[in-house]
Amino acid sequence: MKIGFIGLGNMGAPMAANLIAAGHAVTGFDVAPIALDGLTMAATAGDAAMGQDVVITMLPDGLILRDVAAEIIPVMAAGAGFIDCSTVDVDSARAVADAAHNAGLLAVDAPVSGGIGGASAGTLTFMAGGSEAGFALAAPLFDIMGQKAVHCGASGAGQAAKICNNMILGITMIGTCEAFALADKLGLDRQKMFDVVSTSSGYSWSMNAYCPAPGIGPASPADKNYAPGFAAELMVKDLNLSQDAARSVDADTPLGAAAAELYRRFVEDEDGLGKDFSAMLPRFEKRGRGA
Ligand code: NAD
């Protein structure tokens, strides 16, 4: 396929590299200078999008996505696919998909889970929203860049799945970290805590696959002094998106709101910026109830 790829940062560059390695002709655009083997760079987003079978975007947020969409939709040929893999608010995803649909394009919102490691290894999970035809067009590309793609429903459903998943992740990571800190103060050995919880009803991905305690469980960022992994500030972004969405549909999400506030404080006031989101454990370790 002829593919335009816009937004070649930490995630976009390795995703584009995998498409190139699979034999696709990829033309890229980024506002920052980017060089990638086998990638033709265009001077503008419009140039990268014109004449392509599919355009993929991997951008920081919904406002930037809306700007880029306004530039590329008018130059794309009817029937082409517009696949946005950024994590953005549901409203922006739906607005962009509507504009693309009105121009005769097949629009898919397809945020990803799996991080930079998954982008490089081609093992991302895609959660997609859009029509059957749009999903069918995108599916072979998801197969190259990822290991699983779920068609979640109409436009916006991919973003909805992503922010709900990450709201659960933020909440369970905080719960796991505060329980470890409590266990420490109760004199419980961390390995014993892991052995019990990872095989009991408190188990979760945060405990079992990404244990926040160094030296316990499978290898995780905790074993590398909490170098990310999934940075706490990205968790703040996703938790804020979940709270924006909850407000827009009047959903009651008290634990999501508490997680958003705890991670915001962690990043802004408590030295959490640039640390993995599991570094909540040393944060709780140092505190007492009054802190
Ligand atoms: P990044 O900041 O490394 O990359 C974004 C790229 O977009 C940058 O290269 C930037 O120069 C470019 N850009 C900004 N404005 C642009 C414009 N107007 N036109 C063209 N390019 C523009 O971010 P990232 O880590 O690659 O994340 C990209 C998206 O993926 C975000 O929405 C993020 O939430 C999501 N995501 C990231 C991770 C992760 O672990 N990094 C995991 C899952 C999802």
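Keep in mind it's a predicted model, so treat the numbers as computed, not measured. Ligands are counted one by one from 1 in listed order, and the atoms in each one are counted from 1 as well. When reading the values below, keep in mind they use all heavy atoms of this one structure, side chains included, and skip hydrogens, waters and symmetry mates.
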Minimum heavy-atom distance C211-A222, with the two atoms named: O-CB, 3.7 Å
Give the residue and atom name of whichever protein heavy atom lies nearest to atom 27 (O) of ligand 1, and the separation in Å to one decimal. M11 CG, 3.8 Å
Per-residue contact class, D238 against ligand 1 - non-hydrogen pairs under 4.0 Å: neither
Within 4.0 Å of some non-hydrogen atom of I6, the atoms of ligand 1 are 20 (C)
Quick note on ligand 1: atoms under 4.0 Å from a heavy atom of F29 include exactly 19 (N), 20 (C)
Shortest protein contact, atom 2 (O) of ligand 1 (heavy atom only): P60 CG, 4.7 Å
Check each atom of ligand 1 against the heavy atoms of G115 and keep those under 4.0 Å away; list them by number with element. 40 (O), 42 (C)
Cluster question for you: counting only ILVMFWY and a side-chain heavy-atom cut-off of under 4.5 Å, with indirect links fine, are V90 and M127 together? no
Any donor and acceptor pair, going by atom type alone, linking the side chain of E71 with main-chain N or O of G46 inside 3.5 Å? yes
Check ligand 1 against L234 and write out every atom of the ligand that is under 4.0 Å from a heavy-atom position of the residue. 39 (C), 40 (O), 41 (N)
Show the numbers, then the answer: is there a side-chain contact (heavy atoms from CB on, under 4.5 Å) between V236 and E268? CA-CA 10 Å; V236 172; E268 288 179 11; 6.0 Å; no
Spacing of N165 atom CG and S242 atom OG [to the nearest 0.5 Å]: 11.0 Å
Determine whether any heavy atom of A45 lies closer than 4.0 Å to an atom of ligand 1. no
Write out the residue and atom name of the closest protein heavy atom to atom 30 (O) of ligand 1, then the distance separating them to 0.1 Å. M58 CE, 3.1 Å
Is ligand 1 less than 4.0 angstrom away from at least one heavy atom of V31? yes
Under a 3.5 Å cutoff, is there a donor and acceptor pairing between the side chains of N208 and S198? no
Decide whether F266 and Y226 are clustered together by the hydrophobic rule: side chain heavy atoms of Ile, Leu, Val, Met, Phe, Trp, Tyr closer than 4.5 Å, transitively. no
Between the CG atom in D30 and the CE atom in M58, the distance rounded to the nearest 0.5 Å is 12.0 Å
Note the single closest protein heavy atom to atom 4 (O) of ligand 1, along with its residue, its atom name and the distance in Å. G9 CA, 3.3 Å
Atom 43 (C) of ligand 1 [closest protein heavy-atom partner, distance rounded to 0.1 Å]: V112 O, 3.6 Å
Quick one: look at K162 and ligand 1, take heavy-atom pairs under 4.0 Å, and tell me if it's side chain, backbone, both or neither. side chain
Contact partition for V88 relative to ligand 1, non-hydrogen atoms under 4.0 Å: neither
The closest protein heavy-atom partner of atom 3 (O) of ligand 1 is N10 N, 2.9 Å
How about atom 41 (N) of ligand 1: does it have a protein heavy atom within less than 4.0 Å? yes
Roughly how far, to the nearest 0.5 Å, is CG of L262 from CE of M235? 12.0 Å
Got a donor-acceptor contact below 3.5 angstrom from the N166 side chain to the D238 backbone? no
Just to verify, which of K286, K275, R287 counts as forming a salt bridge (Lys or Arg N to Asp or Glu O under 4.0 Å) with E270? R287
Within a distance under 4.0 Å of any heavy atom of S86, pick out the atoms of ligand 1 and give their elements. 32 (O)
Which residues share a side chain to side chain contact (heavy atoms under 4.5 Å, CB included) with A149, sequence neighbours left out: F126, F135, F142
Protein heavy atom at shortest distance from atom 36 (N) of ligand 1: T87 OG1, 4.0 Å
If you measure from each non-hydrogen atom of V68 to ligand 1, which part falls under 4.0 Å: side chain, backbone, both or neither? side chain
Select the closest option to atom 32 (O) of ligand 1 among I72, L59, D30, I64, judged by heavy-atom distance. L59
Minimum-distance protein heavy atom relative to atom 33 (C) of ligand 1: K237 NZ, 3.7 Å
Is there a side-chain contact (heavy atoms from CB on, under 4.5 Å) between I72 and F82 once you walk through the steps? CA-CA 9 Å; I72 66 174; F82 180 174; 3.9 Å; yes
